[in-house]
Amino acid sequence: METQNLTGMVQFLLLRFSEEQESQPLIFGLFLSMYLITVLGNLLIILAVSSDPHLHMPMYFFLSNLSFVDICFTSTTVPKMLLNIQTHSKAISYEGCITQMYFSILLAGLDNFLLTVMAYDCYVAICHPLHYTVIMKPRLCGLLVLVCWIVSVLHSLLEIFMALQLSFCKEVEIPHFFCELNQVVHLACSDTFLNDLVIYFSAGVLGGGPLGGILYSYCKIVSSIQRISSAQGKYKAFSTCASHLTVVSLFYCSAIGVYVSSTGTQNSQSISIASVMYTVVTPMLNPFIYSLRNKDIKGALKILTGKKTMKVPLS
């Protein structure tokens with residue numbers, strides 16, 4: 001029988017973490033808690049950086065941008081999943097799936113590029129400390145963030161344009177808790193060769209390139225730290241980039257874990273659990289990593305909460 005293109009009427013079905021009704025309230029509560037912690041933690045970082053003049057520095061400017069992107073990234077996937085649990089539904093419309101794919105690609109790319117820019121900031125701070133203020137001017141910092149946005153938007157538009165050319169012939173069940181590009185593309189009933197080509201080329205250039213830049217920066221950083229004579233100086237230099245290195249390791253290890261899970265196994269549960277690491281857990285942990293290891297951030301948060309309590313009238 002001839003295949004009919006039903007893309008205009010197609011309905012996508014998202015995977016649940018468990019089909020047992022008894023476990024749905026527990027899953028709902030767990031993801032709602034993680035989502036609220038992510039939003040609140042990253043929002044506090046943004047407010048702390050913007051309210052404290054001492055934090056108006058390139059490193060914290062990039063950190064506040066990363067926090068904003070993490071809030072948006074988590075908000076792209078988790079609310080829809082929570083809504084589906086509450087309504088006992090798996091469905092997401094074609095338009096909703098395309099929109100979710102666009103923003104997830106955009107924001108994942110921004111995370112990747114911002115971590116690379118932050119690695120460059122650490123490199124300049126440790127390897128060229130005397131020229132730091134000359135190199136990392138506000139104009140350059142703003143330009144770097146703008147370039148991150150432009151490249152991410154163009155890449156996301158390209159991927160979505162390619163996905164819009166595909167045809168879907170029936171009710172499509174996505175083995176994921178959100179519309180992940182690679183999973184959706186391989187469920188199409190039309191030829192996906194060009195889509196695969198764009199996906200893998202983009203992953204190599206826009207994923208491998210920034211990762212190579214980060215590794216190069218840290219090779220130079222380690223080399224510079226080894227040349228420092230005093231132990232106190234080495235510790236101070238290392239503490240400058242320790243939080244960023246932790247976040248980078250968490251982000252890339254979880255992203256590589258998702259890739260390995262999607263290529264090495266057909267178990268949809270394992271793929272979804274691996275995806276939770278970089279879409280939910282990593283954005284949630286970032287504020288804790290930076291605030292716990294950074295005295296300036298902790299001080300700014302104390303001042304921020306102190307200002308709020310001072311506003312209460314005493315009578």
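Values below: all heavy atoms of this structure, side chains included; hydrogens, waters and symmetry mates excluded.
- L143 and L114 fall into different hydrophobic clusters, where Ile, Leu, Val, Met, Phe, Trp and Tyr are joined by side-chain heavy atoms under 4.5 Å apart, directly or via other members.
- Taking both residues in full, the closest heavy atoms of A91 and K80 are given as O-NZ, 3.3 Å, listed atom of the first, atom of the second, then distance.
- Using a 4.5 Å heavy-atom cutoff, the side chains of P175 and L187 are in contact.
- Between L43 and S67, the closest side-chain pair of non-hydrogen atoms is not below 4.5 Å.
- Under a hydrophobic clustering in which Ile, Leu, Val, Met, Phe, Trp and Tyr are joined whenever their side-chain heavy atoms come within less than 4.5 Å, directly or via other members, I225 and V222 fall into different clusters.
- Atoms CG and SG, on L110 and C72 in that order, are 9.0 Å from each other to the nearest 0.5 Å.
- Here the closest non-hydrogen pair linking Y218 and C241 is OH-O, 3.4 Å.
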Report all side-chain donor-acceptor pairs from residues 115-135 shorter than 3.5 Å, counting only partners two or more places apart or in another chain.
| unit_1 | atom_1 | unit_2 | atom_2 | d |
| --- | --- | --- | --- | --- |
| T116 | OG1 | N112 | O | 2.9 |
| D121 | OD1 | Y132 | OH | 2.5 |
| Y123 | OH | H128 | NE2 | 3.2 |

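- What you find for L181 and M101 is that their closest heavy atoms are CA-SD, 3.7 Å.
- Side-chain contact between H176 and L14 is absent, with no heavy atoms from C-beta onward closer than 4.5 Å.
- Heavy atoms only, all atoms of each residue included: P210 and F113 are closest at CG-CE2, 3.6 Å.
- Put simply, the side chain of V276 reaches to within 4.5 Å of the side chain of F177, judged on heavy atoms.
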How far apart are the C-alpha atoms of L63 and N286, what are their side-chain angles, what is the distance that settles it, and do they pass the side chain to side chain contact (heavy atoms under 4.5 Å, CB included) test?
CA-CA 10 Å; L63 175 59; N286 286 355; over 6 Å; no

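- Here the side chains of C179 and I174 are in contact, with some heavy-atom distance below 4.5 Å.
- When all heavy atoms of G109 and S152 are compared, the pair lying nearest together is C-OG, 3.6 Å.
- Between F73 and F103, the ring center distance fails the sub-6.0 Å criterion.
- Y216 and M136 fall into different hydrophobic clusters, where Ile, Leu, Val, Met, Phe, Trp and Tyr side chains are chained together by heavy-atom contacts under 4.5 Å.
- Side-chain contact annotation: Y35 with S75, donor-acceptor N/O pair under 3.5 Å present.
- Linking ILVMFWY side-chain heavy atoms closer than 4.5 Å, directly or via other members, places V78 and I37 in a single hydrophobic cluster.
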Might you work through the side chain to side chain contact (heavy atoms under 4.5 Å, CB included) test for F161 and Q165, ending with a clear yes or no?
CA-CA 7 Å; F161 174 77; Q165 310 307 309; 3.5 Å; yes

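- Atom NE2 of H56 and atom OG of S50 lie 6.5 Å apart (nearest 0.5 Å).
- Counting heavy atoms of neighbouring residues, nucleotides and ligands inside a 6.0 Å radius, atom CZ of F68 does not exceed 12 of them.
- Ring planes of F168 and F12: perpendicular class, angle over 60° (limits at 30 and 60°).
- For the side chain to side chain donor-acceptor pair (under 3.5 Å) test, no residue two or more places apart in sequence or in another chain qualifies with T74.
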Trace of the side chain to side chain contact (heavy atoms under 4.5 Å, CB included) decision for H244 with F62:
CA-CA 11 Å; H244 175 260; F62 297 135; over 6 Å; no

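- A donor-acceptor pair under 3.5 Å is absent between the side-chain atoms of Q100 and the main chain of F178, judged by distance alone.
- Counting heavy atoms from C-beta on, the side chains of L13 and V172 never come closer than 4.5 Å.
- Atom NZ of K220 has 12 or fewer neighbouring heavy atoms from other residues, nucleotides or ligands inside a 6.0 Å radius.
- Listed for the H88 side chain is no donor-acceptor partner under 3.5 Å among the backbone atoms of N84.
- Cluster annotation: V147 and V145 are assigned to distinct hydrophobic clusters (Ile/Leu/Val/Met/Phe/Trp/Tyr, side-chain heavy-atom contacts under 4.5 Å, transitive).
- Distance check, rounded to the nearest 0.5 Å: CD1 of I289 to CG of L250 gives 5.5 Å.
- Of the possible donor and acceptor atoms, one in the side chain of N42 sits under 3.5 Å from a partner among the backbone N and O of P283.
- To the nearest 0.5 Å, the span separating CG on L158 from OG on S202 amounts to 6.0 Å.
- Atom CG of D70 sits about 9.0 Å away from atom CG of L107, to the nearest 0.5 Å.
- Put simply, the side chain of T192 never gets that close to the backbone of N195: no donor and acceptor are under 3.5 Å apart.
- Rounded to the nearest 0.5 Å, atoms OG (S89) and CG (L83) are 8.0 Å apart.
- For the pair V280/M284, no side-chain contact is recorded, criterion being any heavy-atom separation below 4.5 Å from C-beta on.
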